[in-house]
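Reckoned from all heavy atoms, side chains included, excluding hydrogens, waters and symmetry mates. Just so it is clear, the model here is predicted, and its values are computed rather than measured.
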Amino acid sequence: MRNSTSLKQEFLKKWIKGLQVCNSSSEKKMTILERKKAIKLSADIAMASTRNGTTCWSRAIIANATQSNRVVVERILGPHKPSRSVSSVMHKKILKKSRRVCSSRSRRVLMRKRDAVKTRSIAKRLVWKKTQVLKSLVPGGEFMEDEMCLIAETLDYIVSLRAQVDVMRCLATTTELINGK
């Protein structure tokens, strides 16, 4: 996990760049709703780009933003360049296969235990429901099968959201001080 201060600084730099791009891309004066969307878009892209595509949630945010505003996203981030090497793809394939083997074995063991203990079945169902809720809250979470990966992604997403809120709060406070309120 990175230092919170460096994360906030990187977010602020990328967010300001995104705001400048959004402001320069509109030919006419923006309405309040358009400004709100531009601020949200640039903040989301800035937050996701601070992770450099290392997390599922950051890739999901950038992919969703690219579908609706490809030109703006490319002007903020630059043109999309595939950065995966052949060896990293092979490592991921090996990891996926090992997860499948491990998960199929663990599923068989869990099925036997579930037959023996009914309360465990109820607890597992409750955990599954909570996991589904968590998957719906984290961008890209619906594609994560591994609960540990989901928890790690969620924690990283929360840290990034917290940094985003801190930077925005600091910017709002500074603006109020400058304007003399």
Side-chain angles (χ1 to χ4, degrees), residues 1-26 33-100 103 127-128 130-172:
M1 195 94 15
R2 279 196 350 221
N3 180 359
S4 177
T5 305
S6 69
L7 179 67
K8 290 176 187 177
Q9 288 173 346
E10 187 178 351
F11 167 75
L12 182 60
K13 286 178 190 175
K14 291 183 178 191
W15 187 37
I16 289 171
K17 181 181 178 185
L19 289 172
Q20 290 169 342
V21 166
C22 288
N23 191 33
S24 69
S25 67
S26 68
L33 184 61
E34 289 171 335
R35 281 187 197 168
K36 176 186 165 193
K37 287 181 180 179
I39 290 169
K40 181 175 179 358
L41 174 68
S42 59
D44 285 348
I45 292 171
M47 183 177 63
S49 67
T50 59
R51 292 299 186 216
N52 297 321
T54 57
T55 58
C56 290
W57 67 262
S58 64
R59 290 189 301 270
I61 285 176
I62 290 172
N64 288 341
T66 303
Q67 287 177 354
S68 59
N69 297 313
R70 176 179 289 284
V71 175
V72 174
V73 172
E74 284 183 355
R75 286 182 65 194
I76 294 171
L77 299 177
H80 175 68
K81 299 173 198 163
S83 60
R84 290 186 179 174
S85 65
V86 175
S87 63
S88 69
V89 172
M90 290 303 293
H91 291 303
K92 289 189 180 201
K93 286 181 180 179
I94 292 169
L95 282 173
K96 282 182 183 178
K97 285 182 181 179
S98 67
R99 283 185 188 145
R100 271 189 244 137
S103 65
V127 168
W128 182 84
K130 298 292 184 186
T131 303
Q132 296 308 309
V133 170
L134 192 58
K135 284 181 176 184
S136 70
L137 294 174
V138 177
E142 61 272 4
F143 302 113
M144 291 181 227
E145 295 297 323
D146 182 23
E147 285 87 8
M148 293 305 293
C149 179
L150 178 64
I151 290 170
E153 290 276 335
T154 303
L155 290 173
D156 189 67
Y157 184 57
I158 290 170
V159 167
S160 296
L161 285 174
R162 182 62 194 210
Q164 184 183 36
V165 168
D166 289 346
V167 168
M168 289 179 166
R169 189 174 285 147
C170 182
L171 186 65

Query raised in the report: Hey, is the main chain of Ile45 close enough, under 3.5 Å, to the side chain of Lys14 for a donor-acceptor pair?
Result: no
Query - For the student: nearest non-hydrogen atoms of Tyr157 and Pro139, plus distance - result: CZ-CD, 3.4 Å
Query - Worked verdict on Gln164 versus Leu7 for side chain to side chain contact (heavy atoms under 4.5 Å, CB included) - result: CA-CA 9 Å; Gln164 184 183 36; Leu7 179 67; over 6 Å; no
Query raised in the report: Does Gly141 offer a backbone N or O that forms a donor-acceptor pair with the side chain of Glu153 under 3.5 Å?
Result: no
Query raised in the report: Could you state the interatomic distance from CZ (Arg59) to CH2 (Trp57), rounded to the nearest 0.5 Å?
Result: 11.0 Å
Requested in this report: Report the distance from atom SG of Cys22 to atom NZ of Lys40, rounding to the nearest 0.5 Å.
Outcome: 12.5 Å
Query raised in the report: How close do Lys8 and Asp166 get, heavy atom to heavy atom, and via which atoms?
Result: NZ-OD2, 3.1 Å
Query raised in the report: How about Asn64 and Asp44: do any of their side-chain heavy atoms sit closer than 4.5 Å?
Result: no
Report summary line: Tightest non-hydrogen contact, residues Ser49 and Glu10, listed as O-OE2, 4.2 Å
Query raised in the report: Between Thr66 and Leu77, does a side chain to side chain contact (heavy atoms under 4.5 Å, CB included) hold up when you go through it step by step?
Result: CA-CA 11 Å; Thr66 303; Leu77 299 177; over 6 Å; no
Report summary line: Between the CD atom in Glu145 and the CD atom in Glu142, the distance rounded to the nearest 0.5 Å is 11.0 Å
Requested in this report: Give the minimum heavy-atom separation between Ser42 and Gly18, together with the two atoms involved.
Outcome: CB-C, 3.6 Å
Requested in this report: Over all heavy atoms of both residues, which pair between Trp15 and Ala46 is shortest? Give the atoms and the distance, please.
Outcome: N-CB, 3.4 Å
Report task. Using the side chain to side chain contact (heavy atoms under 4.5 Å, CB included) rule, take Leu12 and Ile16 through it: C-alpha gap first, then chi angles, then the decisive distance, then the call. Result -> CA-CA 6 Å; Leu12 182 60; Ile16 289 171; 3.9 Å; yes
Query raised in the report: With side chains defined as the heavy atoms from C-beta onward, is the minimum distance between Arg35 and Leu19 less than 4.5 Å?
Result: no
**Report entry** Which atom of Ile76 lies closest to which atom of Lys17, heavy atoms considered
**Finding:** O-NZ, 3.1 Å
Query raised in the report: Looking at side-chain heavy atoms only, is the closest gap between Leu134 and Lys130 below 4.5 Å?
Result: no
Query raised in the report: Atom CG of Leu161 and atom CG of Asp156: how far apart are they, to the nearest 0.5 Å?
Result: 10.0 Å
Requested in this report: Answer yes or no: does atom NZ of Lys135 have more than 12 heavy-atom neighbours from other residues, nucleotides or ligands under 6.0 Å?
Outcome: yes
**Report entry** NZ-CG distance between Lys37 and Asn69, expressed to the nearest 0.5 angstrom
**Finding:** 9.5 Å
